[in-house]
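In what follows, residues are counted from 1 in the order of the sequence shown. Heavy-atom basis, side chains included; hydrogens, waters and symmetry copies ignored.
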Amino acid sequence: MNETSRLAIDVGGTFTDVVELIPETGELRFDKVPTTPDAPTTGVMDAFGVARAPVPDIGMFTHGTTLGLNALLTRTGARTAVIGTRGFRDVYLLGRTDRRTNYDITYRKPPALLERYDTFEVTERSLFDGSVHTPFDDEDARRVAREVARRGYQSVAVAFLHSYANPAHELRMREILAEEAPDVAVTLSHELSREYREYERTSTAVLDAYVKPIVRRYLHTLEGELAAGGFEGRFLMTRSGGGAMTAASAREQPVSLILSGPAGGVIGAAALARTLGEPNLITIDMGGTSLDASLILDHEPVLYQGAEFEGLPINTPSLYIHTIGAGGGSIAWLDGAGALQVGPQSAGAAPGPACYGRGGTAPTFTDAALTLGYLGTGTPLGGRLTLDAGLADKALQPIAAELGMTVKALARGIVRISNTKIMGAVRAITVELGRDPKDFALLSFGGGGGLVAVEVARELGIPTVIVPPGQGAFSAFGMLMADVQHDFARTSVAPLAALDPSGVEAVYGEMEREARAQLAAEGFDGDRVTLTRSLDVRYAGQEHSVTVAYPEDPGSAMADLVAGAFARLHERQYGHTMADPVEVTTLRLRATGSVDKPALPRIAERPPGAALRPEGTRPVYLSEDRPAVGYALYTRETLLAGDVIEGPAVIAEHTATSVIHAGDTLRVGPYGEMVISVGSATREVTR
């Protein structure tokens, strides 16, 4: 083994997924270990322990974590203050006045991350062009900094008016905080976003500050444990925008990690789409706690220039990922009207589903899948965890008795409700945005994806389901594909026709110098550096814009080229164009440091005359009329390219299980991917 070995680790709500690239052969090894919520680094080091290479021989470690996201979900982040311009103290708490949920009388706005007591103001003000309207008041700033220290805040977000155009006052505030409150972590809004929209920029800074102390402690501890084990390689973290960042950068901008785990799966899906020649994919990643749905269009993931967490904007680039509480650990329960519900509460990793035998008693999706026969007790999850059917049955019995149902009928109901929620997530990213699911293939991964994918596809009319190699740890595989990425932006609102090409070049030149210096400090130069320019463009008077690629050779025709590209994209995204004047709002630059990417190895074909035979059968409950339908059993690791399996069948593998039904046909592709043609003869499977 040599130091070019690479490892990717994705920490999920229930399991920590591991993918190891064996450099001598190009082999990819997939594995799982239990997540350890109370000691996050323990699960990561356990994951290193199942790798074939010893720690000193791993040259690159790429990591995704839900640590920041979980802190936000549970409101367990740092005690945070926000400092704004005098007269604008309430920018963060006022937010926007739009109401997303108009007709739900049960809706309650998620609790804020801080209260008005936690907001401060300092005498200073810059204008939109960067000129100083009110000089920075050092004494006023020191008064606020002393109060922040006196109250014991752990973190502070500084977001001054128009600091995107002139950051000098924010930089001075950091100096004063370092003198008066040295133990407080500081986030400056302009270092995360050099764009207008004060509320969005302030919200981004607050979210970053809220998780910064937690992420810093975690990374400090993990780096210490890795160093003690002899790790000297490159340590990268996946980021919400689909790339990676160094651990040092992640400590300073942890807001970029909030969707780092789900992003790995989307990166891997885009790479697989290019490998298989499948341009358009719907992805569903069903883990232990949640399900993440996303799109691949023309072999590329959908990227937004901003994201949201519970209505709070994050003004950094992010992959379009729709998340719902529908994972393997989602708990079944009865609401106040006595109706069966599933999730969003999850049994998580501790204690986990009842069938794990770790003390859990609440009935979950996994318990239902085991009771139906989708899962079995003969193949341990991850090679280590044997499921207990008796415990699953015991957990389901109380609700079954209350509803007057058999345990198996209840289990079928739990799976049906989960499927319906997943279909809703798919519709949210397709039908509700004017796209037809039938125009896509469904790429299913995660520990539970293969259990539900075919049933979901059948209901939505999706003709093909693709299950990638190592589906249970596929997000970690995607992390091996992640290039180091930095995004830069400068607000520059001006009519497109009046845009000064020389001024634009000067702004891009400044960003490119900053980008090259940052990548060089991280070990990337020469042909490993790619700089990509783009523009945010809108019709004058519009609120939101479309991101357009900057012309490679703009010359004097720049305005015409940009206008033409904008019209095509606006037509594609919104279904119409207008004759209104066009204006530019933001100049953007994406800087990429390329890492070597693994290729999926091809698998062997079955020799002529050697028939594929099932290893046995398992009774699967479909309905009261069909309580024990025989499903053929296969082990995925024994399948070879070109193999064909006719449903009904269960295909178990080291990290997950897939189920196909009567009328479905599975073919094994050259890379070990399972391509399932979804039949229409058994729609009653989900009814």
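- Nearest heavy-atom pair across T187 and D208 is OG1-OD2, 2.7 Å.
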Verdict with supporting geometry, E200 and T202, side-chain contact (heavy atoms from CB on, under 4.5 Å): CA-CA 5 Å; E200 284 77 4; T202 303; over 6 Å; no

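- Closest approach of I296 to P301, counting heavy atoms only: CD1-CA, 3.8 Å.
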Derivation of the side chain to side chain donor-acceptor pair (under 3.5 Å) call for T123 and D137: CA-CA 6 Å; T123 301; D137 188 329; 4.6 Å; no

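- Side-chain atoms of N315 and S193 form a donor-acceptor pair, as typed in the model, at a separation below 3.5 Å.
- Between D140 and R86 there is a salt bridge, since a side-chain N of the basic residue sits under 4.0 Å from a carboxylate O of the acidic one.
- Ion pair R516/D525 not flagged as a salt bridge, since none of the NZ, NE, NH1 or NH2 atoms sits closer than 4.0 Å to an Asp/Glu carboxylate oxygen.
- The main-chain N or O of Y164 is found under 3.5 Å from a side-chain atom of R194 such that the two form a donor-acceptor pair.
- The structure places OG1 of T585 at 5.5 Å from CZ of R538, a figure rounded to the nearest 0.5 Å.
- Of the charged side-chain nitrogens involved, at least one lies within less than 4.0 Å of a carboxylate oxygen, so that D138 and R172 count as a salt-bridged pair.
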Full working for side-chain contact (heavy atoms from CB on, under 4.5 Å) between L114 and Y92: CA-CA 9 Å; L114 49 83; Y92 176 69; 3.8 Å; yes

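- A heavy-atom distance below 4.5 Å is not found between the side chains of V537 and E583.
- Looking only at side-chain heavy atoms (C-beta outward), T283 and L295 stay at 4.5 Å or farther from each other.
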Do any side-chain atoms of residues 125-134 form donor-acceptor pairs under 3.5 angstrom with protein atoms, and if so which ones, sequence neighbours left out?
{"from": "D129", "atom 1": "OD1", "to": "S131", "atom 2": "N", "distance (Å)": "3.1"}
{"from": "D129", "atom 1": "OD1", "to": "S131", "atom 2": "OG", "distance (Å)": "2.7"}

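- Screening residues 422-444 for side-chain hydrogen bond (donor to acceptor under 3.5 Å, both in side chains), with sequence neighbours left out, gives no hits.
- Aromatic ring centroids of Y508 and Y550 lie under 6.0 Å apart.
- Side-chain contact between T316 and D487: absent, with no pair of heavy atoms (C-beta onward) separated by less than 4.5 Å.
- Between the side chains of D292 and T323, at least one donor-acceptor pair of N or O atoms lies under 3.5 Å.
- Taken to the nearest 0.5 Å, the OG1 atom of T246 stands 9.0 Å off from the CZ atom of R234.
- Considering only heavy atoms from C-beta on, V678 stays 4.5 Å or farther from P463 through its side chain.
- Side chains of T80 and D118 form no contact here, defined as non-hydrogen atoms less than 4.5 Å apart.
- Ionic pairing of E198 and R201 is present here: one or more N-O contacts between side-chain nitrogen and carboxylate oxygen are shorter than 4.0 angstrom.
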D483 vs R528, salt bridge (Lys or Arg N to Asp or Glu O under 4.0 Å): CA-CA, chis, key distance, verdict: CA-CA 10 Å; D483 292 320; R528 287 193 175 271; over 6 Å; no

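- Taking the six-membered ring for Trp and the full ring otherwise, Y196 and H162 have centroids separated by 6.0 Å or more.
- Dense packing is recorded around CG of D104, with more than 12 heavy atoms of other residues, nucleotides or ligands lying under 6.0 Å away.
- Side-chain atoms of M479 and D10, non-hydrogen and from C-beta on, do get closer than 4.5 Å to each other.
- Ion pair R490/E514 flagged as a salt bridge, since at least one NZ, NE, NH1 or NH2 atom sits closer than 4.0 Å to an Asp/Glu carboxylate oxygen.
- Checked by atom type and distance alone, the side chain of T592 never pairs as donor or acceptor with a backbone atom of S594 at under 3.5 Å.
- Between F160 and H169, the ring planes are perpendicular. Angles over 60° get that label, and only those under 30° would be called parallel.
- Contact check for L587 versus V504: side-chain heavy atoms found under the 4.5 Å cut-off.
- Across every non-hydrogen atom of E170 and V158, the tightest pair is OE2-O, 3.3 Å.
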Worked check of side-chain contact (heavy atoms from CB on, under 4.5 Å) between M245 and E252: CA-CA 11 Å; M245 61 199 306; E252 298 307 314; over 6 Å; no

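- Of all the heavy atoms in R590 and P317, the pair that sits closest is NH2-CB, 3.8 Å.
- For E121 and R89, the salt-bridge test fails: no basic side-chain N is under 4.0 Å from an acidic carboxylate O.
- In terms of heavy-atom proximity, L281 sits nearest to A269 at CD1-O, 3.9 Å.
- The aromatic rings of Y539 and H570 stand perpendicular to each other, their planes meeting at an angle above 60°, with 30° marking the opposite boundary.
- Considering all non-hydrogen atoms of both residues, S475 and D285 come closest at OG-OD2, 3.0 Å.
- For the atom pair M558 CE and D500 CG, the distance stands at 8.0 Å (nearest 0.5 Å).
- Within the 3.5 Å criterion, the main-chain N or O of V186 finds a donor-acceptor partner in the side chain of K212.
- Separation of atoms CG (L531) and CG (L589) is listed at 5.5 Å; rounding is to 0.5 Å.
- By the 4.0 Å N-to-carboxylate-O rule, E512 lies close enough to R533 to be salt-bridged with it.
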Side chain to side chain donor-acceptor pair (under 3.5 Å) between T491 and E195, intermediate numbers included: CA-CA 5 Å; T491 288; E195 301 179 49; 5.3 Å; no

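- Between atom OG of residue S240 and atom CD1 of residue I321 there is a gap of 7.5 Å, rounded to the nearest 0.5 Å.
- With no hydrogens or angles considered, a side-chain donor-acceptor pair links S163 and S189 at under 3.5 Å.
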S249 vs E522, side chain to side chain donor-acceptor pair (under 3.5 Å): CA-CA, chis, key distance, verdict: CA-CA 10 Å; S249 296; E522 295 170 346; 3.1 Å; yes

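- Here OG1 of T204 is found 9.5 Å from CG of L312. Values are rounded to the nearest 0.5 Å.
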Salt bridge (Lys or Arg N to Asp or Glu O under 4.0 Å) evaluation trace for R588 with D536: CA-CA 8 Å; R588 298 189 182 277; D536 282 3; 2.7 Å; yes

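- E543 has a carboxylate O that lies under 4.0 Å from a charged side-chain N of R197, or vice versa, which qualifies the two as a salt bridge.
- By the 4.0 Å N-to-carboxylate-O rule, D90 lies close enough to R116 to be salt-bridged with it.
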L433 vs Y320, side-chain contact (heavy atoms from CB on, under 4.5 Å): CA-CA, chis, key distance, verdict: CA-CA 12 Å; L433 300 178; Y320 180 43; 3.7 Å; yes

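- Residues L207 and L113 are in side-chain contact: their nearest non-hydrogen atoms beyond the backbone lie under 4.5 Å apart.
- Applying the side chain to side chain donor-acceptor pair (under 3.5 Å) rule to R108 yields no partners; only residues at least two apart in sequence or on another chain are considered.
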